[in-house]
Amino acid sequence: MKIETIAVHGGNVVTDQLKPVIQPITLSTTFKHQEDSMLYTRLENPNRKSLEAVMSTLEGGADAAAFSSGNAAGNAVFQALPAGSHIIAPDDMYHGMKMLLQTVYAGKIEVDFIDLTQSEKVLQAIKPKTKLLWIETPSNPLLKISDIRSLASIGKENNLIIACDSTFATPIFQQALALGADLVMHSSTKYISGHSDILGGILVSKEKNVFWESIKNVQKLAGAVPSPMDCYLLTRSIKTLPYRMRAHSANAKKIAVFLDGKQEVEKVFYPGLPSHKGFETARNQMSDFGAMLSFLIKGNADEADSLIGKLKYFSDATSLGGVESLIERRSKVQANDSSIPDQLIRMSVGIENCDDLIADLDQAFKATF
Ligand SMILES: Cc1ncc(COP(=O)(O)O)c(C=O)c1O
């Protein structure tokens, strides 16, 4: 099956004698005791099973585990590690996940935040108790590209588990398991949902091994699972994921070029621009570049806010991956992070007509500068 066909059919299970074409939502929390059925919805639910099946097939994995948020999915990986483990994570890891490691896991798990684009730094950081190498590519919000293949080979030589947060890429543009990762993680709140109305996370594993069983245990026993309704909606959203991603990415490319040509813009961070440091690596490991970009204006935070305030079609809001375009001055969310300049603007490019988006940006630039 090709990816579009998997997206439409991979999560649809006939669970009903009437044979509805679309799988119903099974809200029941419990199931009558019988062989080969389900027991209790925290452990298993037909809609969650369908979501996990389609995501696992899309990523080319052996199994998947769905969670109630992206952070809950990451948390399940950290919780499944032996106490006292050491993790290597990106220096620009998604800030919410970084905070999770720095606060909830303080004193329980040791973490080094490293620039993963420099492999010698990764090698230097490995210790006898290092268990996990966490990659995030493209990264949030600086769109750094880490070379999954080469990091995975360093990881394998040193017996590490390789996990990759592929939220910005989705399985449509990046197949991290085929590139050597053991686990892929998504905040399904983003492109997988695609409509900014569901919070969710998902892990896909290349193998059903002992570590994966520990993760499934965290899912079932700690119970941060998505509701059947959310699983149903995510499975529905996935049916259009390949087409949405193409539209998102086509718009983002045009907007990146537009911004790159603006004299009021200092720098554009988009891996699809040949001037981007990670362009070649992105081209080698992604089938397209995605729809997240950041840019620095030649101006201060007030001017960045003023530009954002003049836009009609870009909502000034955090998050990403919905069909509607979003924009924000990132340090409003990531305050106290010295790596994020005050005038850095992050954009999640939607699937509106790109001419409208560019005209909107153009008028906002003219009115601001
Ligand atoms: C790259 C990345 N990973 C993980 C997360 C966490 O996902 P969630 O907000 O669904 O918990 C986010 C959220 O913005 C993200 O951007």
Side-chain angles (χ1 to χ4, degrees), residues 51 55 59 64-79 87 89-105 111 113 116 132 134-146 148 163-174 176 181 183-204 218-219 222 224-227 230-231 233-234 237 245 248 252 269 271 278 282 286 289-294 315 317-322 326-328 330-334 337 339-340 344 346-349:
L51 170 64
M55 279 303 293
E59 288 286 6
F67 293 87
S68 53
S69 73
N71 264 27
N75 182 61
V77 179
F78 310 141
Q79 252 180 353
I87 300 179
D91 54 355
D92 62 339
M93 185 180 208
Y94 162 63
H95 81 117
M97 202 72 87
K98 195 172 191 177
M99 269 162 58
L100 168 67
L101 285 169
Q102 287 173 325
T103 56
V104 175
Y105 286 93
V111 193
F113 296 99
L116 298 188
L132 175 72
W134 183 273
I135 305 170
E136 180 186 317
T137 184
S139 72
N140 184 0
L142 292 174
L143 285 296
K144 268 208 244 174
I145 302 292
S146 302
I148 302 172
C164 180
D165 182 340
S166 251
T167 298
F168 278 22
T170 81
I172 308 305
F173 293 156
Q174 181 168 280
L183 294 169
V184 178
M185 179 247 142
H186 293 279
S187 163
S188 42
T189 314
K190 317 301 182 193
Y191 293 103
I192 309 289
S193 148
H195 297 76
S196 308
D197 53 6
I198 306 161
L199 188 73
I202 195 140
L203 294 170
V204 182
V218 174
Q219 181 201 30
V225 290
S227 70
D230 283 354
C231 292
L233 286 172
L234 287 169
S237 288
M245 290 315 294
H248 278 294
F269 302 85
M286 300 175 77
F289 302 101
M292 289 302 297
L293 60 86
S294 295
S315 298
T318 200
S319 201
L320 59 119
L326 301 179
I327 197 162
E328 69 179 345
R330 190 59 189 167
S331 58
K332 278 191 175 170
V333 176
Q334 260 173 283
D337 186 336
S339 68
I340 310 298
L344 183 91
R346 191 189 77 173
M347 189 187 274
S348 167
V349 180

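The shown structure was predicted, so the numbers you read here are calculated from the model rather than taken from an experiment. Residue numbers count from 1 along this sequence. In listed order, ligands and their atoms are each counted from 1.
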Hits for ring pair (Phe, Tyr, Trp, His ring centres under 6.0 Å) against Phe67, two or more places apart or cross-chain, chain-then-number order -> none

Quick one: list whatever passes ring pair (Phe, Tyr, Trp, His ring centres under 6.0 Å) with Phe173, sequence neighbours left out.
-> none

Sequence neighbours excluded, which residues qualify as side chain to side chain donor-acceptor pair (under 3.5 Å) partners of Ser166?
-> Gln174

What are the polar N/O contacts of ligand 1 with the protein below 3.5 Å, with distances?
residue  : atom   : partner : partner atom : Å
ligand 1 : 3 (N)  : Asp165  : OD2          : 2.6
ligand 1 : 7 (O)  : Ser187  : OG           : 3.1
ligand 1 : 10 (O) : Gly70   : N            : 2.9
ligand 1 : 10 (O) : Ser187  : OG           : 2.8
ligand 1 : 10 (O) : Thr189  : OG1          : 2.6
ligand 1 : 11 (O) : Gly70   : N            : 3.0
ligand 1 : 11 (O) : Asn71   : N            : 2.8
ligand 1 : 14 (O) : Lys190  : NZ           : 2.9
ligand 1 : 16 (O) : Asn140  : ND2          : 2.9

Going by heavy atoms in the side chains, are Leu143 and Ser294 under 4.5 Å from each other?
-> yes

Parallel under 30°, tilted from 30 to 60°, perpendicular over 60°: which one fits the rings of Phe78 and Trp134?
-> tilted

Test side-chain contact (heavy atoms from CB on, under 4.5 Å), reference Lys190, set Ser319, Ser196, Ser348, output is Ser319

